[in-house]
Amino acid sequence: MAVKNLEKTVISTLEKLEKLKLDEKLHAELSWCWRSYEYDSNPEGVIEKSKKALKLFKAKREENSKAVSKKLIEDLEKITKN
């Protein structure tokens, strides 16, 4: 997994969670995991929280297809594949 892609995707995810006012707890947890990843390069927490964000975004996209971009969902799917 490319670190640049991971960084861009996580930052976009955090911004979208904040903009849509979705799950403030998840935003805080993902933000914490991202800072932790920057320190120790262990992506486990980032991937786990990104999976939760992906599920939330897919549900939001079903409600309103313009709420979350298809690209962001695809990028999240790439970083959470395992």
Side-chain angles (χ1 to χ4, degrees):
M1 152 181 21
V3 174
K4 268 288 195 222
N5 290 344
L6 178 65
E7 178 179 11
K8 183 179 175 192
T9 301
V10 170
I11 290 170
S12 295
T13 299
L14 288 168
E15 289 171 351
K16 186 58 76 172
L17 284 169
E18 188 171 2
K19 182 178 179 185
L20 296 176
K21 296 181 181 7
L22 295 173
D23 202 337
E24 291 177 23
K25 182 180 177 197
L26 177 59
H27 181 280
E29 290 172 345
L30 180 57
S31 181
W32 186 91
C33 288
W34 175 246
R35 297 292 173 224
S36 175
Y37 170 77
E38 289 181 317
Y39 177 75
D40 65 12
S41 298
N42 181 349
E44 195 171 312
V46 172
I47 292 170
E48 178 187 330
K49 299 304 174 186
S50 293
K51 285 179 182 178
K52 289 182 180 181
L54 176 60
K55 187 176 178 182
L56 199 60
F57 287 166
K58 282 183 174 181
K60 191 66 174 175
R61 189 166 164 81
E62 283 185 24
E63 290 175 21
N64 178 358
S65 63
K66 294 183 181 184
V68 181
S69 73
K70 183 178 178 183
K71 175 152 177 34
L72 179 55
I73 289 177
E74 289 171 350
D75 290 346
L76 278 169
E77 287 174 336
K78 286 178 191 173
I79 68 168
T80 60
K81 272 189 181 173
N82 277 345

Let me confirm one number: the [atom1]-[atom2] distance from [X] to [Y], rounded to the nearest 0.5 Å.
{"X": "L54", "Y": "I47", "atom1": "CG", "atom2": "CD1", "answer": "12.5 Å"}
{"X": "T9", "Y": "I73", "atom1": "OG1", "atom2": "CD1", "answer": "12.5 Å"}
{"X": "K51", "Y": "I79", "atom1": "NZ", "atom2": "CD1", "answer": "10.5 Å"}

Result block: side-chain N/O donor-acceptor pairs under 3.5 angstrom for residues 27-34, not counting sequence neighbours:
from	atom 1	to	atom 2	distance (Å)
H27	NE2	L14	O	3.4
E29	OE1	K49	NZ	3.1
W34	NE1	E38	OE2	3.2

Please table the atom pairs, donor to acceptor, closer than 3.5 Å between any side-chain atom in residues 15-26 and protein atoms at least two apart or in another chain.
from	atom 1	to	atom 2	distance (Å)
K16	NZ	A67	O	3.2
D23	OD1	K25	N	3.4
D23	OD1	L26	N	3.0

Please list every donor-acceptor pair under 3.5 Å in which a side-chain atom of residues 55-64 meets a protein atom from a residue at least two apart or in another chain.
from	atom 1	to	atom 2	distance (Å)
K58	NZ	E77	OE2	3.0
R61	NH1	S65	O	2.6
R61	NH1	V68	O	2.7
N64	OD1	K66	N	3.0

Does the pair L72 and T13 meet the rule for a side-chain contact (heavy atoms from CB on, under 4.5 Å), with working shown? CA-CA 7 Å; L72 179 55; T13 299; 3.7 Å; yes

Is there side-chain contact between V10 and Y37, with at least one heavy-atom pair below 4.5 Å? no

